[in-house]
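Index from 1, following the sequence.
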Amino acid sequence: MITRTWLNASSFVASSPALLAGVMACIVTALAATFLSEHYGAPAMLMALLLGMTLHFLIDDDRARPGIEFSARSLLRLGVALLGARVSLEMVTALGPAIVALLFAAVFSTIGFGLVGARLLGRRYRFGLLTGGAVAICGASAAMAIAAVLPQRPGPQGKVEAEQALLFTVLGVTLLSTIAMVAYPIISTFLELSDTEAGVFLGGTIHDVAQVVGAGFSISPQAGETATLVKLIRVSMLAPVVLIIALSVRRFGSSEAAIGEKPPIVPAFVAGFLILVALNSLGLIPPSLGLLLEHASRWALVTAIVAVGIKTSLRSVFDVGGKAIVLILAETVFIAALVLAGLSWLSSAA
């Protein structure tokens, strides 16, 4: 399925000069963002988003718009699907049922907290799902995957609102994840967590994978390996969460919330993610192919982030409002406090 989707997408790009122009603009910008990330230590997703925002004028160019739209939608879904090659059931069982249960509780409680918080702050439930899912699972990747199945209000204003929410969420979780990469190892040392406990804390709370790796290995190799494993388990929850949201939208979505046809029961990119998880769990994905798929996923997501940045102006980020900032900060503090409380309880019960 993934191969066929990729071949169809490649054929589609090659057959349309207008589509190719927009895609190439996103790819070149993604290359620049990656260069800056590798040479200056800044998060690639953040660099991609900021560089994309400086090219907002391209969305008004009829020659580039189709390719930008394609990158923001199709490359995004491809990148999320390919994330499945990094996850296996063996990872889930390696940490033990207590830690896995803690991670599941943290993920779904944070999403629930986001929904309740959005309602209390006068935001739509879609914003609570978007920010809560991004904080709970895997940052920008989760935000884009959830946005792909969330409904939006009909009309141009609804589309603008959805793009504003996505851009704000990606920017917010990326910045908070970078701050957490520096602050959370200090908190782990202050609380005198063991290397394993520190790894669970970092992997269970920091939003983006790269920042989890950086924070974990800044403590010790054992903490880094544990943090990476815990983070990948959180990533594995992306597919069921997106599937639940898609099914809920299909079942309960109203005419005010949905546009066009109802979403499919199982979105293709979610199915692709699950298929790759199954293949990896059975040992059918060789390490070299797994590494190739991991790189392909990363490039697809960085390119999609560039496109998201191009589509939305910087001014629209601030239009989201102070309540949105309060919500995403509260969600970040909530999941950190919950994981620390869970670790404390498990330690006392041992």
Side-chain angles (χ1 to χ4, degrees), residues 1-7 75-108 110-111 133-134 136-142 144-146 148-149 196 199-200 202-210 212-213 216-217 221-247 264-301 339 342:
M1 176 182 296
I2 297 298
T3 302
R4 184 171 68 251
T5 301
W6 175 251
L7 289 175
L75 289 186
L76 154 67
R77 296 184 176 196
L78 176 66
V80 172
L82 293 179
L83 282 175
R86 304 175 61 182
V87 180
S88 69
L89 295 178
E90 183 180 357
M91 293 177 178
V92 178
T93 59
L95 285 175
I99 296 298
V100 172
L102 173 60
L103 294 176
F104 269 85
V107 166
F108 287 99
T110 302
I111 295 174
I137 305 172
C138 54
S141 302
M144 293 190 294
I146 293 170
V149 298
T196 299
V200 172
L202 299 175
T205 57
I206 298 178
H207 311 325
D208 290 323
V209 176
V212 167
V213 174
F217 282 98
Q222 182 182 351
E225 292 168 2
T226 302
T228 303
L229 175 58
V230 169
K231 182 60 182 177
L232 289 178
I233 292 176
R234 284 171 68 199
V235 172
S236 71
M237 299 181 199
L238 178 60
V241 167
V242 173
L243 180 58
I244 291 170
I245 292 173
L247 289 173
I265 295 177
V266 181
F269 70 97
V270 175
F273 182 100
L274 294 173
I275 289 170
L276 286 177
V277 170
L279 292 175
N280 196 31
S281 299
L282 295 172
L284 298 178
I285 299 180
S288 57
L289 178 58
L291 184 61
L292 178 64
L293 293 176
E294 179 180 343
H295 285 306
S297 172
R298 177 178 175 276
W299 278 108
L301 290 174
V339 171

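- Scored by the side chain to side chain contact (heavy atoms under 4.5 Å, CB included) test, Pro287 finds no partners at all (sequence neighbours excluded).
- Counting all heavy atoms, side chain and backbone alike, Ser281 lies closest to Ser88 at OG-CA, 3.4 Å.
- Pairing each heavy atom of Gly204 with each of Leu103, the nearest pair is CA-CD2, 4.0 Å.
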Evaluate the side chain to side chain contact (heavy atoms under 4.5 Å, CB included) criterion for residues Glu294 and Leu82: first the C-alpha distance (whole Å), next the side-chain angles of each, then the deciding distance (0.1 Å), finally the verdict. CA-CA 7 Å; Glu294 179 180 343; Leu82 293 179; over 6 Å; no

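- Counting heavy atoms from C-beta outward, Leu75 and Trp299 have side chains that stay 4.5 Å or more apart.
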Return all side-chain donor-acceptor pairs below 3.5 angstrom for residues 270-280, not counting sequence neighbours, or 'none' if the list is empty.
| residue | atom | partner | partner atom | Å |
| --- | --- | --- | --- | --- |
| Asn280 | ND2 | Ala85 | O | 3.2 |
| Asn280 | ND2 | Val87 | O | 2.9 |

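- Using a 4.5 Å heavy-atom cutoff, the side chains of Lys231 and Cys138 are in contact.
- Leu102 CG to Ile233 CD1: the interatomic distance, rounded to the nearest 0.5 Å, is 11.0 Å.
- Between Leu238 and Ala145, the shortest heavy-atom contact is CD1-CB, 4.0 Å.
- Contact between Ala134 and Ala142 at its shortest, heavy atoms only, is CA-CB, 4.0 Å.
- Atom CD1 in Ile111 sits 6.0 Å away from atom CD1 in Ile146 (nearest 0.5 Å).
- Note: Phe104 CZ to Arg234 CZ = 12.5 Å, rounded to the nearest 0.5 Å.
- Of all heavy-atom pairs spanning Ala106 and Val339, the tightest one is CB-CG2, 4.0 Å.
- The two residues Gly203 and Val230 have their closest heavy-atom pair at C-CG1, 3.4 Å.
- Of the residues listed (Ile99, Val200, Leu95), the one engaging Leu229 in a side-chain contact (heavy atoms from CB on, under 4.5 Å) is Leu95, and it is the only one.
- Looking at heavy atoms from C-beta onward, Leu301 lies in side-chain contact with Ser297 at the 4.5 angstrom threshold.
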